[in-house]
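First the structure, in the form of structure tokens, and then the observations on it.
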Amino acid sequence: MKKGLNEIIRRAIARAQERGELPEGALPPLIVGYPRDERHGDYATNVAMAMASHTKKAPRAIAETIVRFIEDAEGIIERIEVAGPGFINFFLKEAYWHYFLREADRQGERYGAGELGKGKRALVEFLSANPTGPLHIGHGRIAAFGDSLANLLEKVGYKVEREYYVNDRGTQMQLLGQSVYSRYLEEWERAVAFPPDGYQGAYIREIAHDIKKEEGDKYLSAPKEDVINLMGEKAAHLILGWIKDDLERFRVRFDRWYRETDLYSSGLAPRLLEELRGKGYLYEDGGALWFKSTLFGDEKDRVVIRGNDATTYFASDISYHKDKYDRGYDLLLDIWGADHHGYIPRMEAAVQALGLDKSIFKVILVQLVNLLRDKKQVSMSTRTGEFTSLKEVIQEVGVDACRYFFLLRRADSPLDFDLELAKKEGVENPVYYVQYVHARVTSIFKKAAEKGVEIPTFDNVDIALLRLPEERLLAKRVAIFPEFVEGMALALEPHRLTSYLQDLAGIFHSYYNKHRIISDDRELTKARFLLVKVIQGVVRSALGLLGIAAPAEM
RNA sequence: GCGCCUGUAGCUCAGCUGGAUAGAGCAACGGACUUCUAAUCCGUAGGUCGUAGGUUCGAAUCCUACCAGGCGUGCCA
């Protein structure tokens with residue numbers, strides 16, 4: 001509807017200009033928004049005020065002029081007001097909102113779907129946590145965010161693929177192997193120095209213990225280097241399995257697990273470095289090979305091959321992203337933890353150096369989670385093994401509450417996750433408030449069935465009977481759902497859905513308490529059935545986008 | 001030091017590309033169940049939007065400086 005009004009206003013201004021009633025000239029960006037206060041209309045625009053400065057006319061006079069030239073061909077506008085300093089407020093006809101109830105009912109699950117991404121493919125790479133330890137709570141936030149964002153993009157028409165990039169080689173793998181090896185030796189009571197930066201978590205001991213149990217002492221005599229590599233691989237494989245289990249439980253599914261080692265077995269990584277060298281973007285210094293990322297705005301140049309001949313993760317990432325581009329997506333999103341933000345300039349530099357279209361590549365940073373236990377911050381480090389696992393948190397607070405909690409805040413905003421509070425919140429958690437809407441509607445229909453009340457289809461319902469203010473508010477929420485979804489997809493901000501849901505739930509609960517759906521008035525009952533059915537559908541869709549269940553009873 | 005993010009009610013946070021009287025949940029207090037689920041509703045109270053300037057018809061939103069917190073600043077990821 002925003003778009004529709006946009007056109008109507010634009011045409012009105014154009015006509016006014018043709019008649020010489022408004023000066024010619026470029027229009028300011030036309031903004032149609034929702035007024036905070038319903039008394040200011042369903043939609044409002046500030047265009048008259050925006051035009052005031054360069055036309056040297058009073059904003060209210062401009063507004064009056066525009067209003068005089070507005071033509072409402074489809075007859076959806078109830079009335080228009082010029083208000084305040086020069087707002088133009090639009091009040092739409094009930095029938096207009098009711099039209100969307102019909103649409104929502106007709107389209108069912110598809111309602112709210114958009115065309116923004118029609119015919120386009122998007123790749124969302126997220127999480128990509130190193131398989132060096134179990135997922136912790138900070139990973140949970142990224143997983144919830146990435147998955148919901150992917151859902152959102154799907155809803156507006158993108159063909160979306162979710163991808164997890166697995167760092168299964170390099171320094172961290174070495175360290176993992178060394179850590180397991182040390183613990184393995186300890187199992188046999190061999191004196192051994194634990195690697196200084198090694199992974200100290202208890203899970204490393206478990207892995208070492210299991211290796212001992214299943215394979216005995218065969219690794220005691222084998223060459224150390226080989227054993228470390230082998231144990232690194234074993235451990236990574238095992239840990240990746242845990243990660244997959246946790247994600248399964250968290251309802252996050254990936255379409256592809258892209259392994260870093262594949263970049264080397266396919267030869268892509270070395271080829272890409274050659275290409276960069278050929279373009280003159282690489283140089284040697286101090287025994288290392290550097291990429292001239294400063295040419296593209298990075299603070300300093302970055303190493304791609306170290307003095308010890310090892311390639312850096314950055315080298316892998318260059319080829320990985322080149323591969324993403326080669327796969328032909330229209331949108332490439334990377335979701336990273338905010339601690340990686342220093343990495344963005346070099347990644348963008350690499351994209352440009354390869355002559356790729358920077359505009360389709362976007363990194364979204366998700367701020368880390370501060371875990372609070374007894375109001376005190378728990379330091380989190382996979383290396384020291386001091387962290388609270390995602391699995392543990394899911395068990396304590398449940399998947400639904402957990403996901404909702406993570407998506408309650410903007411990705412930009414750091415999140416304090418107070419374990420006690422999250423647990424305690426239980427029934428008071430807003431997620432239940434929203435889910436309860438869904439359950440309540442189910443309950444209404446169950447009751448209706450018991451009473452033998454007919455569940456209508458749209459053909460035999462008179463929607464115009466819905467005349468209560470609350471009914472208008474509800475119909476309106478249903479109506480704006482599609483453009484709301486589109487707005488979120490454009491801004492890449494799934495968290496707005498929680499505000500939308502709580503707003504809708506609030507109006508619904510209030511309505512439910514004040515008025516009866518099932519009454520002696522058959523026709524009114526049918527109309528209300530339709531309304532609540534449609535609301536239930538929207539709630540279900542919205543919860544679905546968040547990856548949260550819509551329970552039939554609670 | 002430099003860079004990025006954040007600073008809004010007692011707490012946790014919304015506030016959609018600059019708009020009208022800044023919102024919600026929790027916590028606090030007072031009410032509402034013989035009715036379709038009270039996991040709900042109704043009401044009360046709670047604010048120098050970190051500070052100081054600037055831009056303009058208009059700023060929580062944009063710009064500058066400063067203050068506070070987080071993160072980064074490596075031949076780690």
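Naming: A, B, ... by sequence-line order, numbering from 1 per chain.
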Taking only side-chain N and O atoms of [X], does any of them lie within less than 4.0 angstrom of OP1 or OP2 on [N]?
{"X": "A:Y512", "N": "B:rC33", "result": "no"}
{"X": "A:R516", "N": "B:rC36", "result": "no"}
{"X": "A:S499", "N": "B:rG15", "result": "no"}
{"X": "A:R39", "N": "B:rA20", "result": "no"}
{"X": "A:K300", "N": "B:rC75", "result": "yes"}
{"X": "A:H495", "N": "B:rG15", "result": "yes"}

What is the distance from [atom1] of [X] to [atom2] of [N], rounded to the nearest Å?
{"X": "A:L415", "N": "B:rG69", "atom1": "CG", "atom2": "C1'", "result": "15 Å"}
{"X": "A:I88", "N": "B:rG19", "atom1": "CD1", "atom2": "C1'", "result": "14 Å"}
{"X": "A:R36", "N": "B:rG18", "atom1": "CZ", "atom2": "P", "result": "14 Å"}
{"X": "A:I344", "N": "B:rA77", "atom1": "CD1", "atom2": "P", "result": "17 Å"}
{"X": "A:H40", "N": "B:rG58", "atom1": "NE2", "atom2": "P", "result": "19 Å"}
{"X": "A:E260", "N": "B:rA77", "atom1": "CD", "atom2": "P", "result": "9 Å"}

Is any NZ, NE, NH1 or NH2 atom of the basic residue among [X] and [Y] found under 4.0 Å from an Asp or Glu carboxylate oxygen of the other?
{"X": "A:K476", "Y": "A:E38", "result": "yes"}
{"X": "A:D334", "Y": "A:K324", "result": "yes"}
{"X": "A:E486", "Y": "A:K3", "result": "yes"}
{"X": "A:K292", "Y": "A:D301", "result": "no"}
{"X": "A:R472", "Y": "A:D42", "result": "yes"}

* Distance-only polar pair, side chains of A:Q172 and A:Y313, donor-acceptor under 3.5 Å -> no
By nearest atom, which of the nucleotides [options] is closest to the [X] side chain?
{"X": "A:D416", "options": "B:rC13, B:rG15, B:rG19", "answer": "B:rC13"}
{"X": "A:A288", "options": "B:rA39, B:rA20, B:rC75", "answer": "B:rC75"}
{"X": "A:R410", "options": "B:rC16, B:rA14, B:rA77", "answer": "B:rA14"}
{"X": "A:D339", "options": "B:rC36, B:rG15, B:rG72", "answer": "B:rG72"}
{"X": "A:P414", "options": "B:rC36, B:rA39, B:rU6", "answer": "B:rU6"}
{"X": "A:S413", "options": "B:rC13, B:rC36, B:rC75", "answer": "B:rC13"}

* Structure fact -> Taking for A:N513 and for A:T171 the nucleotide of RNA chain B with the nearest heavy atom, the one nearer the 5' end belongs to A:N513
* Using heavy atoms to find the nearest nucleotide of RNA chain B for A:G33 and A:D37 separately, return the residue whose nucleotide is more 5′. => A:G33
Base paired to [N] (Watson-Crick or G-U; both N/O distances under 3.5 angstrom):
{"N": "B:rC66", "value": "B:rG50"}
{"N": "B:rG3", "value": "B:rC71"}
{"N": "B:rU34", "value": "none"}
{"N": "B:rA14", "value": "none"}

Need one value for [X]: base, sugar-phosphate or nothing, where a base atom within 4.0 Å counts as base even if backbone is also close, heavy atoms only.
{"X": "A:Y34", "result": "base"}
{"X": "A:A439", "result": "base"}
{"X": "A:H515", "result": "base"}
{"X": "A:T498", "result": "nothing"}

* Pairwise C1' distance, B:rU61 and B:rU44 [rounded to whole Å] -> 31 Å
* To do: Please measure how far the C1' atom in B:rA28 lies from the corresponding atom in B:rG18, and state the result in whole Å.
  => 36 Å
* Any donor-acceptor pair under 3.5 Å between the side chain of A:N89 and the base of B:rA20? -> yes
* To do: Tell whether A:H341 reaches the base of B:rG3 with its side chain through a donor-acceptor pair below 3.5 angstrom.
  => yes
* If only atom types and distance count, is the side chain of A:Y343 paired as donor or acceptor with the main-chain N or O of A:F314 below 3.5 Å? -> yes
